[in-house]
Amino acid sequence: MRPWNFSAGPAVLPFEVLQQVSAELTDWHGSGMSVMEMSHRGPQFKQIITEAEQDLRQLLAVPDDFAVLFTQGGAQAQNALVPLNLLGRSADKTADYIVSGRWSQKSFEEAQRIGPVRLAASSNQAREIDGKEYAPYTWFPEPSGWDINEQAAYVHACSNETVGGVEFADWPELDIPLIMDASSDILSQPIDFDRVSAVYAGAQKNIGPAGLTLIIVRKDILGHALPQCPSALNYALLEQQGSMVNTPPTFAIYVAGLVFKWLQQQGGVAEIERRNKEKARILYEAIDKSDFYSNTVEPSVRSRMNIPFQLHDAQLDGLFLEKAAEAGLLQLKGHKSVGGMRASIYNAMPLKGVQALVQFMQDFEKEHG
Ligand SMILES: *Cc1c(COP(=O)(O)O)cnc(C)c1O
């Protein structure tokens, strides 16, 4: 059996998808070519990208007035490309940022290089909630307290802070476009497209291989790119040219397309959401009922995708990781800024893998607690 892989990203892919990729690697559907060797403008790849888009639209119920763009550069390139493409919507070329952790902080910093963007809310401070003290970036600034500039081109936020383990699911209805970095929770639950004008994600957490960046954007906010926006990464041009301003990441799009079909076979996003909730529930329950492990995120915004946890004695961290790897539980080391452990349990992590982790944690506690 393969080990269980808890990497935060690039992350585990469905095993069935890897097997299919392997079976078709040198000859895709009798074409005599690997997908890697095909013209991106030929009929075979046209079929691959068209089906990928159709399946994604079906899975997330993407409305027709939204474009689906398959592009490159990763989520961090979007930190510059979102302002380059969208700031021109506002006369003052400004935008508002919600900072709730490491990733949205990076988005805010990069955007400052493009235009005069503002901080509308931040959780980078300790805060008391229900009589309990929470550390910076372990809670989420609730939308009722956002200081929004109604003249801004957009508000940017991150729906799941992969490092801190903070997830923001209750998106508000705003009068200006909400732009969401959903790199680490896209396709883990349905999206309400009445509340968001653009969602983007690097593929390597919940979609497919690194190298592909997915953008789902409402078409009516396009067409105002700043003059310095690179043409190959201009959303309006990508929309007009079917994501083919230049060569798109063809192999990554193909694998993502297989992941979309796998999701459909699992019963779609609603069923995946149900499983994700169950996986997160059993892991948080195991952490909360023990004095040996802890998670310090405010309970109402705990991530269902990335679950950081600490051992009561950090000196045991090395041993925990070593024994976990021996037990077939890989890549559990926490992000260096948080320390401890982090279990990333994306769509492709089955319930069985989480159960194996919980069992290992209990056994380790018995031996070392
Ligand atoms: C991983 C991640 C990023 C960075 O992605 P790259 O593709 O490496 O640029 C940005 N935002 C979030 C929320 C992430 O999880």
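Counting starts at 1 for both ligands and their atoms, following the listed order.
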- Derivation and outcome, ring pair (Phe, Tyr, Trp, His ring centres under 6.0 Å), residues F309 and F292: CA-CA 10 Å; F309 62 92; F292 191 84; 10.0 Å; no
Short N or O contacts of ligand 1 with protein, under 3.5 Å, listed by atom name?
unit_1	atom_1	unit_2	atom_2	d
ligand 1	7 (O)	A75	N	3.0
ligand 1	7 (O)	Q204	NE2	2.9
ligand 1	8 (O)	Q204	NE2	3.4
ligand 1	9 (O)	A75	N	3.2
ligand 1	9 (O)	Q76	N	2.8
ligand 1	11 (N)	D181	OD2	2.7
ligand 1	15 (O)	T162	OG1	2.4
ligand 1	15 (O)	K205	NZ	2.7

- Item | Counterpart residues, side chain to side chain donor-acceptor pair (under 3.5 Å), relative to T138 (two or more places apart) |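 Here no residue qualifies.
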- Please list all pairs passing the side-chain hydrogen bond (donor to acceptor under 3.5 Å, both in side chains) test where one or both residues lie in residues 315-324, with sequence neighbours left out.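 Pairs touching residues 315-324 that pass the test: none.
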- Among residues two or more places apart or on two chains, list those pairs meeting side-chain hydrogen bond (donor to acceptor under 3.5 Å, both in side chains) that have a residue in residues 222-247.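 Every side-chain hydrogen bond (donor to acceptor under 3.5 Å, both in side chains) pair that includes a residue of residues 222-247, provided the two are not neighbours, is Q78-Y235.
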- Query: How far does CG of L311 sit from OH of Y293, to the nearest 0.5 angstrom?
  - Reply: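 That separation rounds to 5.5 Å.
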- Any salt bridge between D181 and K106, counting N to O under 4.0 Å?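 Salt bridge: no.
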